[in-house]
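Numbering starts at 1 and runs along the sequence shown.
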Amino acid sequence: MEEKELRVFELGKLTIEKRAVKRDDGSEEEVDVIVGLAVVFNQLSQNLGWFREQIAPEAFDDCDMSDVVCLKNHDSNLPLGRTQAKSLELEIRTDGLYFVAYPPNTQNAKDTIEEIRSGNIRGCSFQFQVAPGGSDWNQDPETGGEIRTVKKIYKLYDVGPVTFPAYLQTTTDVAKRSFDAHVSERSKLQDRPAVAPLSIYQRKLKLLTINHRTQ
């Protein structure tokens, strides 16, 4: 079973640009492309219900991005580009993961371009799977809440523009299982016998050794 997680954020970096593409006859044509920032590194998310989250820059090292789809509103019926079709480009920069989608000549794509231009669509989403053991949990010293740092993403499934970024749609059941495992491991460490008695024995043995040498 694939452990997919979905995040939706309002990032303010979703635009329409002109790019030159080659036609079948070898000539070039300027087309509208969708440029967006799907993932921001080292930036805490809003409260996702019971925790906040950040993505580490190294999270995409060795990530499977062989077949990523650009979707409108995370809808598989509204594709805007795909890496396997060479109509979607992904680029990891110092501040995050960017994408450039070359939309098909469909009514959905035309509508999406105009909706982005008008500001009616202004956020981005991405769906991913964290690698086993690929996230750390720490307590926020300011709020006492939990902070999840995603350090290794196993697979990226899709990116794309969304209409309601403020809704902050998210799936947290996978994160909850990761947190429960973290709490369980932390409890095991706390329940281990204290090492202080052993240190006392070692000190006593050292004193006996010293006394024996001085006699």
Side-chain angles (χ1 to χ4, degrees), residues 4-21 30-57 59-60 63 65 67-83 85-130 145 147-150 153 155-175:
K4 293 182 180 180
E5 298 187 59
L6 172 65
R7 299 290 183 270
V8 178
F9 300 107
E10 182 176 12
L11 304 172
K13 292 187 178 181
L14 184 65
T15 60
I16 303 299
E17 297 181 5
K18 290 285 188 182
R19 296 283 177 94
V21 297
E30 276 202 338
V31 299
D32 290 323
V33 300
I34 301 171
V35 180
L37 175 58
V39 183
V40 180
F41 297 147
N42 293 330
Q43 179 174 306
L44 283 174
S45 69
Q46 299 178 36
N47 193 309
L48 299 180
W50 55 275
F51 71 100
R52 299 176 74 190
E53 185 177 71
Q54 59 186 350
I55 310 295
F60 286 93
C63 174
M65 296 189 288
D67 188 19
V68 182
V69 185
C70 182
L71 301 175
K72 176 183 179 180
N73 284 326
H74 189 64
D75 189 337
S76 59
N77 295 310
L78 302 174
L80 298 168
R82 191 167 194 155
T83 54
K86 301 188 185 304
S87 54
L88 175 64
E89 299 172 354
L90 301 172
E91 182 184 359
I92 297 175
R93 302 181 190 173
T94 55
D95 59 336
L97 174 69
Y98 288 78
F99 69 89
V100 179
Y102 295 78
N105 187 25
T106 63
Q107 192 59 50
N108 165 56
K110 294 175 182 177
D111 291 343
T112 303
I113 288 171
E114 292 307 313
E115 289 161 347
I116 293 173
R117 276 202 179 109
S118 66
N120 289 330
I121 290 182
R122 52 191 175 85
C124 291
S125 73
F126 67 103
Q127 189 167 210
F128 61 103
Q129 180 182 354
V130 177
I147 293 179
R148 183 196 194 198
T149 301
V150 177
I153 294 177
K155 185 175 178 62
L156 180 67
Y157 294 95
D158 59 74
V159 297
V162 290
T163 307
F164 296 107
Y167 177 64
L168 203 68
Q169 180 182 358
T170 180
T171 52
T172 61
D173 52 334
V174 177

Kindly compute the distance separating [atom1] ([X]) from [atom2] ([Y]), expressed to the nearest 0.5 Å.
{"X": "Phe99", "Y": "Leu156", "atom1": "CZ", "atom2": "CG", "result": "11.0 Å"}
{"X": "Leu37", "Y": "Glu91", "atom1": "CG", "atom2": "CD", "result": "11.0 Å"}
{"X": "Gln107", "Y": "Thr112", "atom1": "CD", "atom2": "OG1", "result": "9.5 Å"}
{"X": "Ser125", "Y": "Asp158", "atom1": "OG", "atom2": "CG", "result": "6.0 Å"}
{"X": "Arg148", "Y": "Ile55", "atom1": "CZ", "atom2": "CD1", "result": "7.5 Å"}
{"X": "Asp32", "Y": "Lys18", "atom1": "CG", "atom2": "NZ", "result": "3.5 Å"}

Could you tell me whether the side chain of [Y] reaches within less than 4.5 Å of the side chain of [X], counting heavy atoms only?
{"X": "Pro57", "Y": "Asn42", "value": "yes"}
{"X": "Leu88", "Y": "Val69", "value": "no"}
{"X": "Phe41", "Y": "Phe60", "value": "yes"}
{"X": "Ile16", "Y": "Ile34", "value": "yes"}
{"X": "Pro161", "Y": "Ile116", "value": "yes"}
{"X": "Val33", "Y": "Val31", "value": "yes"}

Leu80 and side-chain contact (heavy atoms from CB on, under 4.5 Å): which partner among Thr106, Asn108, Ile113?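 Answer to the side-chain contact (heavy atoms from CB on, under 4.5 Å) test with Leu80 among Thr106, Asn108, Ile113: Asn108.
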
Taking Asp75's backbone N and O only, do any of them form a donor-acceptor pair with Asn73's side chain (distance below 3.5 Å, no angle check)?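 A pair under 3.5 Å: no.
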
Is a side-chain N or O of Ser45 found less than 3.5 angstrom from the main chain of Arg52, in a donor-acceptor match?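 No; zero donor-acceptor contacts below 3.5 Å.
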
Nearest atoms (heavy-atom pairs only) where [X] meets [Y]:
{"X": "Ala59", "Y": "Val150", "answer": "CB-O, 3.6 Å"}
{"X": "Cys124", "Y": "Ala38", "answer": "CB-CA, 4.2 Å"}
{"X": "Pro104", "Y": "Ala109", "answer": "O-CB, 3.1 Å"}
{"X": "Ile92", "Y": "Leu97", "answer": "CG1-CD1, 3.7 Å"}

Going by side chain to side chain donor-acceptor pair (under 3.5 Å), Gln127 matches just one of Glu5, Arg7, His74. Which one?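 Filter result, single survivor: His74.
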
Under 6.0 Å from the NZ atom of Lys86, do we count more than 12 heavy atoms belonging to anything else shown?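 Counting other residues, nucleotides and ligands, NZ of Lys86 stays at 12 neighbours or fewer.
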
Is it true that Lys72 and Asp111 have a side-chain N and a carboxylate O under 4.0 angstrom from each other?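 Between Asp111 and Lys72 there is no salt bridge, as every charged N stays at least 4.0 Å from the carboxylate O atoms.
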
Given side-chain contact (heavy atoms from CB on, under 4.5 Å), test Asn105 with Lys110 step by step and report yes or no. CA-CA 7 Å; Asn105 187 25; Lys110 294 175 182 177; 2.9 Å; yes

